[in-house]
Amino acid sequence: MDSVTPATRMASVPFSGIRKIFEECDRLEAEGEDVVHLEIGRPDFDTPKPIKEATATALENGQVHYTSNYGIAPLRETIAKKFETENEVSYDPDGEIVVTAGATEAIFVSILGLINEGDEVLLPDPRWTYGAHVELAGGTPVSYELDPEDGFQPDLDSLEAGVSEQTKLLVVNSPQNPTGSVLSRERAEAIRDFAVEHDLIVISDEIYEKILFDDATHHSLASLDGMHERTITVNGVSKAYSMTGFRLGYLGAPPELIDPIIRARQYTTTCAPSLSQWAAVEAIDRDPHGPLVEAFAERRERVLERLDAIDGMTCPEPTGAFYAFPTIPDGFDDEEDFVWSLLQEAGVALVPGTVFGDTGKGRVRIAYSNSLERIDEAFDRLEAWL
Ligand code: PLP
């Protein structure tokens, strides 16, 4: 072929900023450099043994075929029970729950199933990759700000400023990537009032719900009055059970919302991997991976302590997930320069804040999904380099 013309819809879908950092890490490591990874948004633990055993048993039992588009019945029942007891939300396992290939697919097929060309979608800024999902579906992302002066809670004025006749969907993420903030009860209720007033559908991405610190509490938006009928609750096993490679997520929503979503999903991955679905039955039925949450709590303390010692690197204390989103040190005015120089000259990998939106200007994301020793090594190098 002489040349390939990409689909025009790809023009506004950028090459992932995090991927660029990964690739530079690969290049440096191939040259024999030691890189400390604080850029990767995945737990570094092994999957708990009983979950692995459930996967092996499913394989032995010949669970190797396509499953229902909605997911296997035992898993949907386990998820419905989990929603009921942990989130105070009722979903019928038959028709109100869809098991997906990761929360990523749950979010993408929800947006694909609901958004028309020209529809606007309100997204937090900073945020995970929802913007690309909206662009791929032909919609228009519109940002609302998370306010660092207010612990990165959603800024209600900016939500009001962003809403229009074209707004169809609002995405909320708590605990949040990249700031580690957890939506307060008061702000959750304000978002409920806003969504009801403007008659919006809400995607509530709750993938980090089990990773909470201090006395932070998770509030499922669908449990608030007036929200069940308009909310798609997204979750998955990737983060709480260290199962990112299983590609297993799920969503709960009322039937009118499920209908377009299941139709979009029939033509994407058809069903989530069968073995992962059996693994998830075991995972969701157990407590979160306790040592994992404890380890993250200890690492968070260490990151905050070490940040405190560096002039200019400040952030509100994260109370969930495993990220901190501080400002860059004094003497730097561009987060891209800071991140790339630090990586190339000192072998410490972070992510520039602007990868997550305009409000990430002058900030970096630190993922503390690495051991205490490596976190210390990263900060020792950073201090020496500065
Ligand atoms: N939602 C958020 C906020 C995330 O940070 C991530 C992954 O980093 C996901 C969803 C995707 O999770 P999954 O592995 O289930 O696709």
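Start at 1 and go down the list; that is how both ligands and their atoms are numbered.
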Student: Are the ring centres of H218 and Y208 closer than 6.0 Å?
Tutor: no
Student: Under 3.5 Å, is there a donor-acceptor pair linking the side chains of S274 and T67?
Tutor: no
Student: Return the protein residues near ligand 1 (heavy atom under 4.0 Å from any of its atoms), ordered by chain and residue number.
Tutor: G102, A103, T104, W128, Y130, N173, N177, D205, I207, Y208, S238, K239, R247
Student: Are F356 and Y323 close enough that their ring centers fall under 6.0 Å?
Tutor: no
Student: Indicate whether the side chain of Q344 and that of E24 have a donor and an acceptor atom separated by less than 3.5 Å.
Tutor: yes
Student: Are there more than 12 heavy atoms of other residues, nucleotides or ligands under 6.0 Å from atom CG of D333?
Tutor: no
Student: Students often mix this up, so state it plainly: with edges at 30° and 60°, are the rings of Y368 and F213 parallel, tilted or perpendicular?
Tutor: tilted
